[in-house]
Every structure is written in C-alpha cells, then in structure tokens.
Amino acid sequence: MDSGTDRLVERPPSSRFSYAQMSRFPDYVESYNPTLSDIHLDETAPNGVEDEVNKPTPDTTVKGSGGNADVQDKSAKGRNMFFKDGKRRIDYVLAWESKEDDLKHKDRNIKAREIFETHLKEEGLQLEEDLTVSKEEEADFVKVHAPYEVLTRYAEILKLKMPVKKNLVLDKIQMKYSQLENPMKSVSTKLWTKVTGIANRIYTPFQLNEELVPNVKRRFTLVYSRDKEYLFDIPEDKDTFFDNATRSRIVNFILRRKSFSTDKNDAYSFGINKMINDNIYTAAYSLHEGHWKPGSAPNERKLLFDHWGNWRNMFKVQPLEHVRNYFGAKIGIYFTWLGFYTMMLIPASIVGLVVFIYGIAVAPGSYPAKEICDPKNNFTMCPLCDFQCPYWNLYESCSNAIASRMFDNGGTVFFAIFMSFWGTLFLEFWKRRQATMQYKWDLLDYVREEQPPRPEYLARLENCTHYRIHPITGLKEPHLPFWTKRVPIFLMSYSIMFFLGFLAIAAVFGVIAYRVSVLAALQVLTKDRPTSTNSTLVATTTATIYENASLVTTVTAACINLLIIIILNMIYSRLAFWLTDLECLRTQKEYDDSITLKLFALQFVNYYSSIIYIAFFKGRIIGRPGKYTTMFGARQEECAAGGCLIELCIQLAIIMTGKQLFVNNFTELVLPKLIKMIKRCLSKETKAEKASRASYEKDYKLEAAQSTSLFYEYLEMVLQFGFLTIFVAAFPLGPLFSLINNIIEIRMDSSKMITHLRRPLADRSPDIGIWYSVLYGISRIAIISNAFIIALTSDYIPRMVYLNSYSKDDSLKGYLNHTMSYFNTSDFEVDHRPTYAGSENIQICRYRDFRNPPWSENAYEFSQLFWHILAARFVFVVVFQNVIVLITGLIAWLIPDVPAELKVQIRREAYISNEIIIKTELLRAQGKSPEEGEAAIEAISEVGPQYLVDDTGSAKLMYRKSPGNSPEREEENIV
C-alpha cells in the first residue's frame, strides 16, 4: 500500500510459472503472481495513477510506505515480497541499527556499508534502502534483488541442476518411490509387493492429504549452462525460473565474497559474515514467504505450519519435499534422518514393550523372587551400614526383588541381542535412504566449496606477523606456527577438557556419598521407633520408608544426579565454545568438527558416568562383612537384595526421560513462549504500529537462525541413541519413551523453524556429516556394554550356571540359598560392629556373595562356585561380543549402501543426459531449433533406444525386440 497515493501495487505484471515451479509448489502458488488486471486501484486514487505502475522508483524509501502488513498477510495476494515497483522480488535483506554505532566506529561502518553496497551493484545486484525517519525505529534495511542475468551467471558457476523441457524426456509419470527406497526388493519382488501393499494400507491414516499438500514430483535435471539454455524449461517470466530458496542461496554466495574495504592490503575485509561479526550489519536474511497464522493468505510457510509444524498432525508423515524446497537440503536431510530414526524406533518399541510385559508376567512367579518373599526362609542379613544399621530379614526386600525380576530375565538377553542387530540395521538402511534422498534432491555430485577463513579467525589474527600462501586459494593468510602457538593451545584446551570430565566423575562420587549416608540414616529408623507416637500416619509412613529405604535412596539420588547433569551441561556448553575459540581454527568446518568432538565427549561423560558406575562398578569391590573395603573411612555401597539391575533401570528412566521429556521440551517449547510473552508485555508498540511493519521488519524481530542450531538437535538425538543402545539391556521401555519424545521433537523443531526463527539459508549438505561416524562408534560400544551388563550386572549367568550344573531338579529351587554366604558376627571388626541394643544376640548373618562359610578351612575365601560363575561370565562376554560383531558385520556387508535399482537409474540418467545434449546439438547444427525439431527429438527413440520416465525423473532404457508388437506385449519388450 503506497501511503502517498493510497493505491495497491503489490505484484508484477502478467507471468506464468514454469513446469518446474508448478511441480515444487502447491496449485495456489499462481495467486502469488497476479496479472496486471489483478492490481486494483482505490476509488479515491488520483487520475493517471495507472501510468505510475511501470515507472521506476527511487532506490531509497522511508519506513511506513509498506502499508498495513497484517492486511497484506491476510489479503488474497498475500505478503508483499517485492520492491516498491511491485516487480523486483526481495531476495535478501541487510539490516543495521544506527543507534548501536558508537562514535568511534560510526564513520567506519557507514563507509564500509557504502563500499560493500557499491560492490554489490557492480556485481549486478539491485538494492533498495528503507531508512528510519525517527529515533524510535530500531533498524535500517537494504533490500537486495538478483536479476535473471546474475542468477544464471552464478547458477552456472555453482553448477546448479535445473529442470529440462518436459518434451525432451516424455511426460508420463508414475508413482514408484516406494520401489526405489525398498531395501529388500531383490529378495522377492512379488512377496515384497504384497507386504508393501499391506504396509501402505496400515500407513494410510498417517499420510498427508494430497489435495492439501500436493506431491512434489522430481523433474529430470541437468547442470545449468547459459550456452545450452534452450534445453531448460524457462518460462516467459524468467524471474520465476529459480525458486526463492535458490535465489537466496545465490545472493548469499555473492554476499560472502564481496569486499567492504578499498585497501588492497586488507585482503580479509570481505564477506557479510565478517561484517556482522564487526557489527557493521546486524543481520542478513531471506524473507519468509507470508505469515503462518490462521487467516493469512495461502503460502508455503503457512502450508508447512498447518501440515508439518501443527500439533494436530503430530502422527502424520513429514512433507519432506516441501521442507527441502523451503529450508534447503541441509535442514531437509536432518528432518529426513530424524523421521527415519523415529520410524525405526517403532519395531524396537514394540519388542521392548513385549519384553517388559513378559517381565511383569514372570516376575512374581520366579523362584528367586518367591524365595525372597517367603517369610519361612527367615534369612537374617548382615547390616547395610556400620554401628546403627540393624540386622534385617531378607523378605523385607520382597517388592524390590519382584521389581528386579521384571527387568532381569531371559527376555532381557533377547532384547539386548535384538537391539544390537537393530542398531546395525538402522545405520545400514539409513545409508540407503540417504542415497535415495541424494538422488532425488540432486546431491550426488555435491562438491563442498573451499571455505574462506572464519571472520573470528581473521579478527584474532589481525596483528599476526606470520603469513603463508594457502595451497588452495593462493592467498596470503595469517598463520599460527604449529609448535610454538598451536601445540600449547591444544594442550591447554584438552587439559581443561580432562579436568571437566573429572568434575563430572567427582559429582558421581558426591552422589555416592549421598546414597551411603541417606541409606544409613533411613536404616536407623527401625520399625519399633514410631510406636511412641499416637499418629498412625507417621507410623505407617516411617515403616514404609524403612521397608523401601533402598528404593527411596535410589530415586532421590537419581533426581539429584539429573540436576547436577543439567548444571554441568550448561557449564560444559559455554566452556566448550570458549576452548574452541582459543584454538583459533581457520574454517567453519574445522570449528564445527572441533566443537562436536568436545561437546559430545563432555556430555558423554556427564550423562553416562553415573550409569556406568551402577552398571559395572557398584557392589563389585565392597569386600565382605568383617573386612569391608572403605573409601575415605566409609564403607562402599552395595547392591540391593534384588541386584543392581533395578537401580540401573531407575537411573536410566529418570535421567533419560527427565532430560528428554521434561528438560529439553521445557527449554524448546515452554521457555520461548514465556520469553515471547514477557517481551510482548514489556513492549510499548501498539497493535497499529505492529500491523504497519513491513515483512522484512517482522522477520527482523524473529530470532536469528544460528549455524549451530542443527548441531544441538543432532547432539540431543545422538545422546538418546547412546541411551538406547549402550544400556538397553537394563531398560526395555527406552525405545518407547524415545519414540514418544521424537514425535514431540519433530513438531517442536518444525514449529520453531517456521514461527520463531528467521528463514535459514537454504544450504546444501549431502549427508549428516560426522554424526554418522559417532553413531557407528556408539553401536560398536553398545555390543560390548550390553554383554557386560548381562554378564556382570544381572543374575542371568549365575542362574544359568546353577540351573545347568547345581540344580537337582533342573529348576531354580534353592537358588537363593545357593547365592547367600554365611558370616559369624563375632568376626566383625570393632570399627564395623553393630552397637544398637540386641545386636549381640545375632550369631550368624547372611550376605550376597560366593564365599566359603566361617567353619570352612579357608573361611571367607572365594568358593569354587565363584570361579565357575566368573569363568562363565567371561565366556559369555567373549561369545556374545564376537558372534554379534560377526553377524552385524555380515548384515552390513549383505546390505549395499546404494540400492541396486538406484545405481541403474543413476547410470540411465547420465546416459540419457548425454543423448539429449548430443541429439539437440545435432538439430542445431542442422539449422533447426529445438522447438522446431521436437518431432525429430522424439524420433530418437525410433532410431535406437526408447526412454520411459518414472516419477523420480529417471529414464528406463527400452529396445524393440521386433516391430509391430501389440500393446498387450509392450511390457515384454522392455529389456
């Protein structure tokens, strides 16, 4: 809305979309580019205003000329994405805040912006300024438009693949994506077709409505060349040939390469990233395409929010093609991986739930639990702490024993083996899925461009005296000597990392001390103590706490441990970035890889150290009654009567679910809304002022999309993968909780991308990067970890040894007595002897271990049974590890990284690309244009091979066995 003339000038003249554009966007995209007849005038507009539509406008405008932005968002034509002339699209926006320019750097910043913008104009970009008219305005803006000539020039430089004319490759398209992505098609096509048919019917309720979210069909593409422009499907309005994501990526490429200094000796004063780092600009971003709120005009952003970021579609599949088209392949790959990972959790969740239900069913009836719960056995157990802890009866731990058997049974072993195979299958099938997406998104020939030095790197080395010629770029760059500068920095950095790791381990020891002291304090509360009070509630509560002292201690300790983990996590994140900054790494990739290694290592220690302690160390080196192993003068804690596996399960449940379902979701979902609400309450801006803001002003108010945003998302999921695989034997419900969390995570991440962040750069990335290697390493560690958990932490091996070597009736009857050793209370050391009244009446107590009785010749030494069980445990570890590694390695070898059908289609596409170019060039050499020679091009198939094109854009090669075949035998002629 032009405030001077009160007329609506929002869109360019008549144009049509290319087939490529129409295949990428919904049908209603045509409404974004109305014809001249759609530009209506206000009845009060002055005469002759129609003539002003095509008049050039000055490159500098003032704020307030954009009209009511909210009205534009909700109008049929949607948000204004153009310059004042209504023709040139805004491809990028540069912003700066003049009030933040201090007097010292104000002139420098103004001059740098002038030089930079001059260089952009020399490159062919067109600029339009939007300057503030009052001190109340927050920022000034420069809108950037890339003309068609600039886009084509850089499309050729960047080797972008663009769709060719559809009349060159036949336009009969069939839906066969599922066949392309099928990992088992080579086994049995007919059987797999039936299976996929059933699966498709099951998945139908989870599919998106194709009328609301149109399928994006892949076009046959070639690397763009201006010399061969006749091959490509270029519309009449050439500006619509490149989609908005591609346009912004090309402009960003130019912005990152242009200098903002005239000093030839200052070779590193270039690039928009360094200008933002130097506070010359405060932001650089591309615009969101419309608003996402209800009532807004149809647009791609609103479509993504309604059918991807909206919670009512949390059980629907993701519109990945639309995500890729809007946010770029890098973000598209992340959500593809997250969706694939979530889908693979479904079978793991089902199996884990079945194993858990099986554990619930068999726990009460297992002989060890029955014998513990039977008061007739009357096992008097040795005290759990020194001095005040009483002797106790084993049947008091009945509930703990039953709960332990829910997770410590034969199903646990099966589930550990299953998850080992699952981890391998997940990684192998992901490589196939990734290869498919690389093909569909034209990422197979992706080549990473040589990255320039980071702005922070250049700023830190501004006064550096050491220079060298970079072997790739040939530029003279500042350089840190390896031995005198880098080695001391790296030594200091990793020394601090080791200290931080020991800090997490020290926190574990602190929690251990808490558990020991609290357990001792709770044991002092004997059953007889509450009898002196008249309160039945107090008596009942005290008795309950006494009977479940171990459970209370474990749960509260796990909660405290979670709180410590959260605090250390915040410290680690800041220190990791600080240490990486000290290392002064040259490129962004080197910086990202270094911060990935640091944060993952620190958080691995932080999250897993307490779990590793319970799984592999707790109760292993405590000694025996009369000769306990002490630390800092105190006894070490031992496992409960039911074993340490139930404690490991509780620790995993609290840390895993507490971190994911509560901490992460609160940070990502609740906290941003609270901050937004507070800002809205503190803001003095009226609704009218807010409504008058232009689209680029509204986007400026959003949070910047940081380059590390995906890093934290990957890190969160990789840590979850570690919980699932490394310790899955102790917590079969882990996959189910992870599945629930990931369903929520997808919607939270998508909603954040759409509503809270500025539009990220539509960057390209062919894979998930270093995270695949991290996942592979975790899957290997998980095999060893689960083998030791089953062998050492659970009672599975002692039960099997007893069942096969010592049981008289091939059952577990008598197993409990078999695992209890005897101790003569007169052998207690003075420092550890119970001192409470009545303790002198107990002569013999029992404890869990495999030792000789006090009346034996070798009293309290390890018995023969101990060595038998120890040998069986290590045999199990060796066999389990080697068999699983062998089978998973065989599975990885049998499943190719790239589906065979995809390999063939890639070769076919390369072949037909050459054929199209050769035949088209032949027509041009004969003086025929491609349009005039369309019949001749189609005659290619009559002379030699024929091509059948499927929905992925690949061409299947066909030959005629004999002329004149009937249509019924047409399919048989395909070779």
Show the nearest heavy-atom pair for residues [X] and [Y], with the distance to one decimal.
X      : Y      : value
Cys382 : Trp392 : O-NE1, 3.0 Å
Ala892 : Glu428 : CB-OE2, 3.4 Å
Val355 : Pro732 : CG1-CB, 4.2 Å
Thr888 : Ser420 : CG2-O, 3.9 Å
Ile654 : Leu562 : O-CD2, 3.9 Å
Leu568 : Ala507 : CD1-CB, 4.3 Å

Would you mind reporting whether [Y] and [X] have side-chain heavy atoms less than 4.5 Å apart?
X      : Y      : result
Phe502 : Phe499 : no
Leu394 : Arg846 : no
Leu870 : Phe850 : no
Met314 : Ile746 : no
Asp795 : Arg848 : yes
Thr580 : Glu590 : no
Arg873 : Pro798 : yes
Pro735 : Trp422 : no

### Task
Please lay out, stage by stage, how Ile789 and Leu645 fare under the test side chain to side chain contact (heavy atoms under 4.5 Å, CB included).
CA-CA 8 Å; Ile789 287 176; Leu645 196 66; 4.1 Å; yes
Can you tell me how far [atom2] of [Y] sits from [atom1] of [X], rounded to the nearest 0.5 angstrom?
X      : Y      : atom1 : atom2 : value
Thr725 : Leu775 : OG1   : CG    : 8.5 Å
Phe616 : Leu792 : CZ    : CG    : 7.5 Å
Leu338 : Thr342 : CG    : OG1   : 4.5 Å
Leu724 : Ile778 : CG    : CD1   : 10.0 Å
Leu719 : Gln603 : CG    : CD    : 5.5 Å
Phe379 : Ile372 : CZ    : CD1   : 9.5 Å

### Message
Checking Phe727 against Tyr608 for the ring pair (Phe, Tyr, Trp, His ring centres under 6.0 Å) test, could you report, in this order, the C-alpha distance in whole Å, the side-chain angles of both residues, the deciding distance, and whether it holds?
### Response
CA-CA 10 Å; Phe727 308 104; Tyr608 298 153; 5.7 Å; yes
Main-chain N/O of [Y] paired to [X] side chain as donor or acceptor, under 3.5 Å:
X      : Y      : result
Asn804 : Met800 : yes
Asp849 : Ser821 : no
Ser495 : Leu491 : yes
Asn882 : Val878 : yes
Ser750 : Arg747 : yes
Ser609 : Val605 : yes
Ser785 : Ile726 : yes
Ser794 : Ile790 : yes
Ser779 : Tyr776 : yes
Arg432 : Pro896 : yes

Using the ring of each side chain (for Trp, its six-membered ring), is [X] parallel, tilted or perpendicular to [Y], with breaks at 30° and 60°?
X      : Y      : value
Trp771 : Phe711 : tilted
Phe426 : Phe721 : tilted
Trp430 : Trp337 : perpendicular
His868 : Tyr806 : tilted
Phe604 : Phe600 : tilted

### Query
When you look at Phe490 and Leu579, which way does the side chain to side chain contact (heavy atoms under 4.5 Å, CB included) test go after all the steps?
CA-CA 9 Å; Phe490 278 107; Leu579 291 175; over 6 Å; no
Under 3.5 Å, is there a donor-acceptor pair between the [X] and [Y] side chains?
X      : Y      : value
Asn409 : Tyr796 : no
Tyr772 : Gln434 : no
Asn561 : Ser610 : yes
Tyr802 : Thr819 : no
Thr424 : Arg780 : yes
Thr554 : Gln651 : no

### Query
Is any side-chain N of the basic residue among Arg624 and Glu861 closer than 4.0 Å to the acidic one's carboxylate O?
no
### Query
Is there a salt bridge (charged side-chain N to carboxylate O under 4.0 Å, His left out) between Asp767 and Lys431 once you walk through the steps?
CA-CA 9 Å; Asp767 49 41; Lys431 287 192 289 187; over 6 Å; no
### Query
Checking side chain to side chain contact (heavy atoms under 4.5 Å, CB included) for the pair Phe731/Ile650: CA distance, chi angles, key distance, verdict?
CA-CA 8 Å; Phe731 192 40; Ile650 293 172; over 6 Å; no
Taking everything shown except [X] itself, do over 12 heavy atoms lie less than 6.0 Å from its [atom1]?
X      : atom1 : answer
Phe874 : CZ    : no
Lys618 : NZ    : yes
Phe788 : CZ    : no

### Query
Could you go step by step and tell me if Met748 and Ile744 meet the side chain to side chain contact (heavy atoms under 4.5 Å, CB included) rule?
CA-CA 6 Å; Met748 284 198 307; Ile744 299 173; 4.1 Å; yes
#### Entry: Derivation and outcome, side-chain hydrogen bond (donor to acceptor under 3.5 Å, both in side chains), residues Thr556 and Tyr514
CA-CA 9 Å; Thr556 55; Tyr514 166 83; 3.0 Å; yes
### Stacked cation flag Arg405 on Phe407, 6.0 angstrom / 45 deg
no
### Task
Evaluate the criterion salt bridge (charged side-chain N to carboxylate O under 4.0 Å, His left out) for residue pair Glu583 and Lys598; output intermediate values, then yes/no.
CA-CA 12 Å; Glu583 294 174 6; Lys598 288 182 178 64; 2.5 Å; yes
